[in-house]
Visitor: 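I have a structure here, written as structure tokens, and I will follow up with some questions on it.
Note that the structure is a prediction, hence the values are computed from the model and not measured. Quick note on labels: first sequence line is chain A, next is B, and so on, each numbered from 1.
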Amino acid sequence: MAVLTPCHLCGRPARAPLAAAGRPFCCAGCRDLFLVLGEERLAELRSHGDLDFAALRPEPAAPPAEAEGEVRTARLALDGLWCASCAVLVEHVLRRSPGVLGAKVDPAGATAEVAYDPAATAVPDLAAAVARLGYGAAEGPSPPGGAGGDLLRRLAAAWALALSVMMLSVPVWSGYLPAMARGPRLAFAAVLWALATPAVLWCGWPFVRGAWASVRSLRPTMDLLVALGSLSAYGYSVWAALRGGPRLYFDTSAMLVAFLLLGRALERGTRRRASDVTRLLGGLAAPDAAVRRGDAEVRLPSDRLAPGDVLVVRPGQALAADGIVRAGRSAVDASALTGEAVPADMGPGDRVYAGSVAIDGRLEVAVDRVGAATVLGQTAEALRAALQASGRWQRLADRAVAVFVPVVLAIGAATGAGWLAAGLPGGTALLRAVAVLVIACPCALGVATPLASLAAARRLARLGVLLRRGDALERASGIDTVLLDKTGTVTAGALRLEAMAPDDPELLALAAAAESGSAHPLALAVVFGAEARGLAVAAPESFREHPGAGVEASVGGRRVALRAARDLPPPLQATAAAMAETGATVLALEVDGVPRAVLSLGDRPRPGARAAVAALRARGLDVRLVTGDAEASAAAAAQEAGIASYRARCAPDAKAALVEELRAQGRRVAFVGDGINDAAALAAADLGLAMGGGADLALQAGALTLVRPDLGALPAVLDVARQTRAVIRQNLTWALLYNALAVPAAVLGYAQPVVAAAAMVFSSAVVLGNALRLLGRGPARLWVPAGAVAAAAAALWALAWWRL
Amino acid sequence: MTARAAAGLGLSLGVYAAAVLGHWQAATAAADALGCALPRAVQDQAVVFAGLLAGLVLGPALTASARSLLRGLLPEAGDGARQGALRGAAAVALLLTLATTLLWVRPGLDRFLDAHRPLLVEVDLLLYAMGLVDGAAWHALLDRDAWLGLLLVPAMALMVLSGGVVGRGWC
């Protein structure tokens with residue numbers, strides 16, 4: 001009898017195996033999904049979700065549908081998404097379902113959006129396809145808060161119930177329970193049982209489900225240990241309560257769930273932010289576009305565009321795809337991608353990018369990249385990948401758990417068997433085995449990283465810095481290089497009139513009047529500059545704008561023009577050249593056809609930037625400037641900020657590449673920026689810091705946000721990052737050390753109920769107290785409130801004990 | 001700490017001291033021995049009331065800490081959603097502490113407590129802590145009108161007690 005090779009993904013026999021990465025697969029679907037997920041994610045997926053991989057098998061489906069008929073969109077609320085891999089799996093299966101034209105799953109919002117052909121499928125079929133994987137799916141919006149709302153409900157209930165159980169467990173800890181009369185004893189046990197049951201079985205259900213999946217996949221996980229610990233404690237307590245036994249572990253089982261849910265809730269915020277980024281990027285490009293078809297124009301959604309289409313872009317419109325300008329001319333604001341503060345003049349043959357905005361002219365653009373292939377799409381993908389990556393320390397904790405769990409399970413089993421063999425009664429031997437599982441449950445391990453991050457977030461908030469990613473401060477360890485973006489970071493990011501030669505108010509008033517008809521940033525700077533000097537800005541009698549070339553106007557009967565400073569008489573040309581060397585943009589003013597003056601427009605340095613750079617350098621950090629602007633502008637800004645090294649004309653991908661290059665050299669890099677053009681570099685850096693007031697996308701992509709547009713907090717931020725790293729490391733070390741000491745005690749039978757509960761609380765308190773140090777509340781600062789609480793408790797105790 | 005807060009905490013301590021007076025304890029222990037539950041219940045409620053006073057005084061600080069924690073847990077939620085979560089938790093805390101009132105009106109348990117002083121002291125401390133939680137919860141729910149909790153908590157507790165122990169309340 002022939003033996004069929006099992007599929008590496010779904011486990012079903014592969015009659016005609018397809019090979020990939022040296023592994024057999026039963027079908028192309030399984031192979032492709034494996035290639036998407038990778039071995040590590042697949043193992044994680046198997047352990048966390050109660051999944052049916054067989055559902056991945058190809059259905060005898062109709063050929064891929066063309067969207068010729070009616071297309072509908074359904075929104076499914078999903079239940080049971082535990083990690084990003086779950087979302088990948090659901091999305092994959094939905095896309096493969098017959099009649100589905102596209103699907104997108106938002107893991108943080110626990111929703112799936114599906115475009116489908118109603119003639120070929122229906123919403124219940126889609127929900128059923130998801131349900132076959134082991135997830136819940138129903139049509140309609142996700143409930144408020146989505147999966148996060150569910151987690152928080154469980155968390156709140158767990159803490160309310162667990163604290164109540166703890167308060168009522170005093171007779172258990174103090175050993176008075178066996179001495180009570182039968183009635184009160186049963187009443188106590190019944191109330192504890194009633195409170196602990198929803199805490200363990202409902203609040204702790206995600207752990208139980210994960211544990212079941214872990215058992216099915218034969219891969220021990222933290223969920224398994226948590227579920228075993230809480231269920232063992234709960235089960236033993238029920239058995240003891242029914243038998244009138246003295247030892248009840250209801251408090252331990254409930255507290256275990258509460259602690260672990262807290263850790264999960266803190267971690268979840270990170271995933272949520274990752275999905276916000278792609279949403280923001282999606283909104284940046286135009287949702288639809290006018291496409292030339294012969295002599296006519298049709299409007300098409302941006303996802304229906306294809307290379308070769310010709311887009312018609314009018315003033316004020318954003319581009320929906322990347323391409324080459326075929327006809328027309330316009331100033332294009334590409335600051336989202338290039339970082340150039342000044343819109344660039346674009347004409348035939350120039351490359352333009354999705355997300356850029358045509359300001360003052362009409363363009364026809366031949367599309368060559370659409371959707372995910374655009375620079376914007378690639379940036380989004382890079383961000384998504386970077387933001388969803390786990391923190392190093394969290395991964396270290398996860399790896400520790402992967403070893404720790406089977407070891408503890410083995411020790412627990414050996415403890416029970418050993419004491420049974422030593423002649424102890426079965427109940428007592430079981431109790432000691434349970435004690436091993438209970439005391440070893442990694443509460444402290446689960447909250448060590450999230451708690452430190454939370455405390456650091458509060459400390460940073462006091463410094464005017466918002467933490468955007470839970471693992472940001474872990475990744476910031478040992479920063480030795482700081483890259484500063486120029487526009488909006490080292491400088492204020494807004495053009496202003498810096499100088500005029502000759503400095504003649506009458507000429508400036510004429511220039512401002514001529515520019516007052518334009519919305520171009522250069523024109524606005526001239527008008528604001530005149531107003532700032534107290535000049536009245538008259539309205540021009542006539543006005544004409546030449547996109548990319550300047551303006552002409554009639555002001556008070558005189559012909560006034562502003563244009564690029566070229567072909568000027570020698571004295572003005574020399575002045576213009578000197579102005580340009582400082583990195584400024586220079587305009588020439590002509591009155592009645594005669595060049596009369598040159599105007600210099602530039603960005604101004606941000607106050608405090610020089611002091612911040614000096615403080616960073618004093619800490620031994622290598623500080624560099626990086627910008628999309630021209631050489632002269634970069635050099636001037638670097639000199640003003642006291643930065644010795646700079647790199648100019650860096651496109652967004654070049655900034656990210658520079659970050660990667662430095663990291664490849666073994667450096668740990670912090671990047672500070674404010675624009676969408678900085679987003680990829682912010683995400684690629686070990687520590688991305690976004691300037692407040694910058695683009696939303698930069699704020700989302702940065703691991704940290706400086707709320708005030710001031711670099712002054714930067715040195716303190718790096719100090720907090722260093723402290724946080726130390727605290728996380730200490731917390732993890734403590735958590736492991738605690739188990740190394742406590743587990744042997746439990747094995748030897750020293751873990752009585754009160755000892756187990758106290759040890760668990762003490763361990764978590766140490767982790768919490770250590771994290772509080774990040775708030776600047778060292779032991780000395782804690783003495784006063786702790787002393788007040790202790791004194792009050794002592795007074796209350798004394799009054800009750802001696803009863804005046 | 002303001003003078004008003006210090007006065008509030010002083011009053012709380014005074015009420016507590018009065019509630020656990022030796023003479024009162026002796027009287028309630030005698031009532032417990034006769035199977036009469038309400039004297040003990042009234043004494044327990046006096047202790048809860050003392051804690052409630054402290055909770056109302058410390059309410060603003062405790063509520064601020066809870067809001068800070070919620071900001072960490074719900075970074076993307078609006079202030080309204082976080083306030084809703086806080087109020088929900090406060091309501092649950094009030095109901096749970098009220099539900100446990102039923103435990104303290106079992107004469108058998110009370111007799112056991114009277115006979116075991118350390119446990120009795122621990123119960124008094126727990127009752128005070130429950131009152132503290134109640135005070136903070138009322139502050140989260142009613143803000144400036146939280147003082148209404150001073151009326152509502154004893155009223156609700158006595159309603160529960162009178163329903164639960166009718167027929168064998170006062171001796």
Visitor: Check each of B:L113, B:D110, B:V20 against B:L120 using the side chain to side chain contact (heavy atoms under 4.5 Å, CB included) test, and report the only one that passes.
Guide: B:L113
Visitor: Heavy-atom pairs under 4.5 Å with chain A are the metric here; pick the option from B:Q25, B:H23, B:R117 that has the most.
Guide: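 The candidate making the most pairs under 4.5 Å is B:R117.
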Visitor: Where does A:L163 contact chain B at under 4.5 Å (heavy atoms): side chain, backbone, both or neither?
Guide: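 Nothing of A:L163, per the 4.5 Å heavy-atom cut-off to chain B.
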Visitor: By the definition side chain to side chain contact (heavy atoms under 4.5 Å, CB included), identify the one residue from B:V48, B:V123, B:V47 that meets it with B:Y128.
Guide: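 Of all the options given, the one that passes is B:V47.
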Visitor: So which part of A:A160 gets closer than 4.5 Å to some heavy atom of chain B, the side chain, the backbone, both or neither?
Guide: both
Visitor: Which bit of A:W802 comes within less than 4.5 Å of chain B, counting heavy atoms only: side chain, backbone, both or neither?
Guide: backbone
Visitor: At their closest point, which heavy atom of B:R87 faces which heavy atom of B:L141, and how far apart are they?
Guide: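 For B:R87 and B:L141, the tightest heavy-atom pair comes out as O-CD2, 3.6 Å.
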Visitor: Considering all heavy atoms of both residues, which atom of B:G149 and which atom of B:L52 are nearest to each other, and what is their separation?
Guide: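 Heavy atoms of B:G149 and B:L52 come nearest at O-CD2, 3.4 Å.
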Visitor: Minimum heavy-atom separation for A:C203 to A:R154, with atom names?
Guide: SG-O, 3.4 Å
Visitor: Mind ranking B:A54, B:A129, B:P118, B:A17 by heavy-atom pairs under 4.5 Å with chain A and telling me who comes out on top?
Guide: B:P118
Visitor: Go through it in stages, so that I can follow the logic: the residues are B:D124 and A:L799, the test is side-chain contact (heavy atoms from CB on, under 4.5 Å), and I'd like the CA-CA distance, side-chain angles, deciding distance and then a yes or no.
Guide: CA-CA 10 Å; B:D124 284 337; A:L799 285 168; over 6 Å; no
Visitor: Quick check on B:A93 against chain A: is it the side chain, the backbone, both or neither that has a heavy atom closer than 4.5 Å?
Guide: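 Neither part.
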Visitor: So which part of B:L21 gets closer than 4.5 Å to some heavy atom of chain A, the side chain, the backbone, both or neither?
Guide: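 Its backbone and side chain both get close to chain A.
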